[in-house]
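Numbering of ligands and ligand atoms starts at 1, following listing order. For reference, positions follow the sequence shown, starting with 1. Note that the coordinates shown come from a computational prediction; the quantities given were computed from them, not determined experimentally.
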Amino acid sequence: MILAEQTATGFEKQFGYKPTGVWSAPGRANLIGEHTDYNNGFVLPFGIDKRTYAAVAKRNDKTIRVATSFSSELIEIELQEAKPEDLDWALYPLGVAWVMRQGLGSGFDLYLNSDVPVGAGLSSSAAVECCVALAINDLWELGHSGQDLALIGQRAENEVVGAPTGIMDQTASMLARADAAVLIDCRSLETEVIELGFGAKDLVVAVIDTQVSHRHSDGGYKSRRDSCELGASTMGVTSLRELTAADLPRAKSLMDDVTYRRVRHIITENDRVLETVEALKSAALEKLGVLFADSHVSMRDDFEISIPELDLAVETAVRTGAIASRMTGGGFGGAAIALIASSKLLELQEAVARAFERADFGPARVFAVSASAGARREL
Ligand code: GLA
């Protein structure tokens, strides 16, 4: 609650009056299922206990003003103007407002605050999009469902920010539940809440943030997406979701090696998501070790989105006794996750610090996250 109140205070200092309300949405960590979302496949993310807060009030005119705790800039635009461009952090809230512009009769004032690390692969951007979308939805009584708001957030990301990302992050941020992950079928957009039960076993999910930052509006993410589309069209299907492991020999005979490996990652990763769900449902957590390890190797060697810092993070976590570890998120930087006994968290922090120093990498940050609720009104 403290950050929510600070956000309300920040708003008041900035704009000189009290906000109507404060809304929040979490960042996310993905347990497993990477780059499968835009291939209509399966993903298994959870909301983390780090959130972005938006204090908002409607205005009587058409002006939209946005400010934040981490920049002294106040950005002001008029509603219904052309698509916002070149506005750095403000593109996220203004992108959502732009997508929702038809429902907005007037402008608004908005103040953002967040403790979601930026560029760490924990979806700080989806957290902004989702709390702003929910605030607008509530204030103008637009009646969108959580899933609709996730799609609105994704459109802001794709059409305004320019990152060709899938639907995982916004769905996780909107629909997350405490102590649970959300299985998302990205073809039907159906979701199922999967209880995690880590706390009962004294386990935590540690995030190892390499502090190598990434942006998905740069080339690597899009080139993976293009390869997947090429793979699907070569196989005569609308998405790689339609394929199974039985299709791999034919895929190999039809594709160049790189495209084939991209396709193999997606097909095998979809299977690993479903196997992880089975393991969680039967409380067979030891099975996650192999599934996460295979997922990481597949991302490193077939999809080629890992970096040496992430490989070292995973290796160090496993050596320190993590039950399971893999890189999480889009890759090219960001974080790895490790499921580890809570009593070993300190040891993991020390081991990562030593290993990164020895490898001459910049320092990594290691912290535990717990599965938390999705977007909601706070005040
Ligand atoms: C980023 C994107 C998601 C997803 C992941 C990789 O987080 O925003 O849509 O594609 O990468 O799984």
Report, in ascending order of atom number, the atoms of ligand 1 lying under 4.0 Å from any heavy atom of Asp37.
3 (C), 4 (C), 9 (O), 10 (O)
Which of the numbered atoms in ligand 1 are under 4.0 angstrom from any heavy atom belonging to Met168?
4 (C), 5 (C), 12 (O)
Near Gly166, which atoms of ligand 1 are under 4.0 Å from a heavy atom of that residue?
9 (O)
So is there a nitrogen or oxygen of Glu34 less than 3.5 Å from a nitrogen or oxygen in ligand 1?
yes
Would you say the side-chain atoms of Ser298 and Glu269 include a donor-acceptor pair closer than 3.5 Å?
no
Evaluate Thr36 for polar contact with ligand 1, using N/O atom pairs at a separation under 3.5 Å.
no
Output yes when Asp115 and Lys50 qualify as a salt bridge under the 4.0 Å nitrogen-oxygen rule, no when they do not.
no
Examine the side chains of Asp49 and Ser372 and answer whether a donor and an acceptor come within less than 3.5 Å of each other.
no
Shortest reach to atom 12 (O) of ligand 1 by a heavy atom, considering only His35, Met299, Gln154:
His35
Return a yes/no value for Tyr38: is any of its N or O atoms, backbone included, closer than 3.5 angstrom to an N or O of ligand 1?
no
Measure the acute angle between the ring planes of His265 and Phe303, then classify it against the limits of 30° and 60° as parallel, tilted or perpendicular.
tilted
Contact atoms of ligand 1, heavy-atom distance to Arg28 under 4.0 Å:
7 (O)
Any side-chain donor-acceptor pair under 3.5 Å between Asn39 and Thr36?
no
Assign the ring pair Phe11 / Tyr17 to parallel, tilted or perpendicular, where the plane angle (0 to 90°) is split at 30° and 60°.
perpendicular
